[in-house]
There are 2 protein chains.
Amino acid sequence: MNTGESTPPRRMRADARRNYDRLLASAATAFAERGTDASLEEIARRAGVANGTLYSHFPNRQALLEALLGDRMRALAATGEELLGRSSPFEALAAWAEAAVAHAARYRGLGASFMRAIEDESSDLHAACEAVLAAGERLVARARAAGELREDVTAPDLYALVNAMAWVGEQSSPAQGERLLTFTLDGLRAR
Amino acid sequence: MNTGESTPPRRMRADARRNYDRLLASAATAFAERGTDASLEEIARRAGVANGTLYSHFPNRQALLEALLGDRMRALAATGEELLGRSSPFEALAAWAEAAVAHAARYRGLGASFMRAIEDESSDLHAACEAVLAAGERLVARARAAGELREDVTAPDLYALVNAMAWVGEQSSPAQGERLLTFTLDGLRAR
DNA sequence: GAAATATATTGAGACTGCCTCAACTTGTCT
DNA sequence: AGACAAGTTGAGGCAGTCTCAATATATTTC
C-alpha cells in the first residue's frame, strides 16, 4: 500500500513485502525490454501475482516508476550539488547534463514521463522531478553568474533539452543523443 | 484501396470516394484533438463508417498520416529547394528548420512518427520523410560549404533536432519548442 | 495454539482499442 | 435489368487498463 518513501509508517506484512519486491523487479525488466509503457498486466504475470495485487501496491505507472527510480533521481540531484563546488561552472553544467541524459535514457519513454511529471503536480513522479529541476537551477544560476552561459537560458530550458536529447537517443541511438547534446550545449555557451 | 498518390490507376467508386474523404476529415479532427495515436475506431465512428471500411482504405495509421500530410511534406521539401537560392546559407537553413518544426508540431506525436518512419523503409510515411530529409541535406551542404555551419553537422542531425524540438513543443508549449530551437540552431553555427 | 482481526490477494468483469474476414450490399457497365 | 466487380459491414478474437466483492493469509491477542 505504501510506496518507497523510506517506509516510516507501519511495516508491511511479509507476503506483501515479498510481492512488492517481486513486482519491482519484474517492472524493471519489463521497462528495460519494452519501455515505460510495458503492459502492467504482464509485469504482474511475470511477478507471479494477480494484476489486482500490482494495482494495490502501485496505483498507476508513475508510482511504479517513482518506486523504481526515485532514489536514482535524488542521487542525480545530489550529484548536481556536488558539481557546484568543482570545475568551471559551465563544465559542471555540461557534465551534469550528460549524466541527466543518461539517466532519462534508461527506459524508452522515460523522457516523456519526466516532461509530463514536471507539469503535473499530482503525479507520483513530480517530487523527484522537481528535485532534479532544482539541481539544474543551481547549476544554471552559477554558470550564468560566471558569464559562461547565455543570459536567457533557464533551468526549465535545460530540463527540456535534457529530456529531448534522451528522446533522440531512444528514437535513433544513444550515441546520437549524446552527439546532439554536445552541439546543443555548445549553443548555450555565452559568447 | 488506393492511397493519395494523385490517383493514377482507376477511379474509385462514388461511395468509396465519399467514405475516403470523410475518413480523412475525421482523422484530421481526431489527430488534432488527441494526437497521432487517436483511436482509429473513433475516427471511423465519427466518419459514420464501420471500422473495416477505415482499414480497407488505410491499412494502418501511417497510411492515414501519409494521406493527410504527404502533400504538405512535399511542399516543405520544395520550400527547402527555394530557400537554396535566397538569403544567406545559414539563414536559409534556420528558416527552413523553423518551418519544419512547425510542421512536425501539427499533431501531438507526429515527431515520433517521423523519426520512426525515416528508419523504417516499409512505413507508408517513409518516402515523404525522405523527401524532407533530402531537402535538409542540401541546405546543410550549402551552409557548410559557405563555412557558416559546424563541419560535423549532418542532415540526419538536423532532422533529429527538428523533430526533437517539435517534441518539446508538444510536451511543454509550442513557444518553448521555438525557443529551444533558436538556442540549438545557434549551437550549429560555425564560429 | 486457536480465535479474532487486520491486511493482502485474487480473478472475473466492464471497459476500450486493434485488426481480420466471411457475408452481405451497392455502384457501374453492358 | 442483370451480372460482376468493388466496397461495406460488424461480429469476434486478442490484448490492455482498472475495479471490487469474495476470499485467503499473516499477525496479534488471549
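Lettering of chains follows the sequences in order, A, B, ..., and the numbering in each one begins at 1. Computed from a predicted model, the values in this text were never measured in an experiment.
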- Message: OP1 or OP2 of dA15(D) versus the side-chain N and O atoms of S39(A): is any pair under 4.0 Å?
- Response: no
- Message: Is there a side-chain contact between S56(B) and the phosphate of dG7(D), meaning an N or O under 4.0 Å from OP1 or OP2?
- Response: no
- Message: Please pick, from dT20(C), dT9(D), dT17(D), the nucleotide with the shortest atom-to-atom distance to any side-chain atom of Y55(B).
- Response: dT20(C)
- Item | Short side-chain N/O contact from R11(A) to OP1 or OP2 of dT27(D), under 4.0 Å | no
- Task: Measure the distance from CD on E41(B) to C1' on dA11(D) and round it to the nearest whole Å.
- Result: 12 Å
- Whole Å only: how far is the CD atom of E42(B) from the P atom of dC18(C)? 10 Å
- Report which part of the nucleic acid R18(A) touches: base, sugar-phosphate, or nothing (heavy-atom distance under 4.0 Å, all strands). nothing
- Query: Taking OP1 and OP2 of dT9(C), is either one under 4.0 Å from a side-chain nitrogen or oxygen of N19(A)?
  - Reply: yes
- Separation of R45(A) atom CZ from dT9(C) atom P, in whole Å? 18 Å
- Along DNA chain D (nearest heavy atom to each residue), the more 5'-positioned of D15(A) and G48(B): G48(B)
- Query: H57(B) side chain N/O closer than 4.0 Å to the phosphate oxygens (OP1, OP2) of dT8(D)?
  - Reply: yes
- Confirm from the modelled atom types if R13(A) and dA26(D) form a donor-acceptor pair under 3.5 Å, side chain to base only. no
- Whole-Å distance, Y20(A) OH to dT9(C) C1', equals 17 Å
- Counting any heavy atom closer than 4.0 Å, what does N60(B) reach on the DNA or RNA strands: base, sugar-phosphate only, or nothing? nothing
- Task: Tell me whether the centres of the aromatic rings in F114(A) and H126(A) are closer together than 6.0 Å.
- Result: no
- Message: Between the side chains of R34(A) and E41(A), is the shortest nitrogen-to-carboxylate-oxygen separation below 4.0 Å, so that they form an ion pair?
- Response: no
- Message: Checking side chain to side chain donor-acceptor pair (under 3.5 Å) between D186(B) and each of R189(A), R150(A), R191(A), which is the one that passes?
- Response: R150(A)
- What integer distance in Å separates R17(A):CZ from dT7(C):C1'? 15 Å
- For the residue pair Y20(B) and H57(B), categorise the inter-ring angle as parallel (less than 30°), tilted (30 to 60°) or perpendicular (more than 60°). perpendicular
- Task: Would you kindly give the CZ-to-P distance between F58(A) and dC18(D), to the nearest whole Å?
- Result: 14 Å
- Short side-chain N/O contact to dT9(D) OP1/OP2 from T53(B), under 4.0 Å: yes
- Query: With a 4.0 Å cut-off, would you call R74(A) and E66(A) a salt bridge?
  - Reply: yes
- Measure from the side-chain heavy atoms of L40(A) and tell me the nearest of dT20(C), dC18(D), dG7(D). dC18(D)
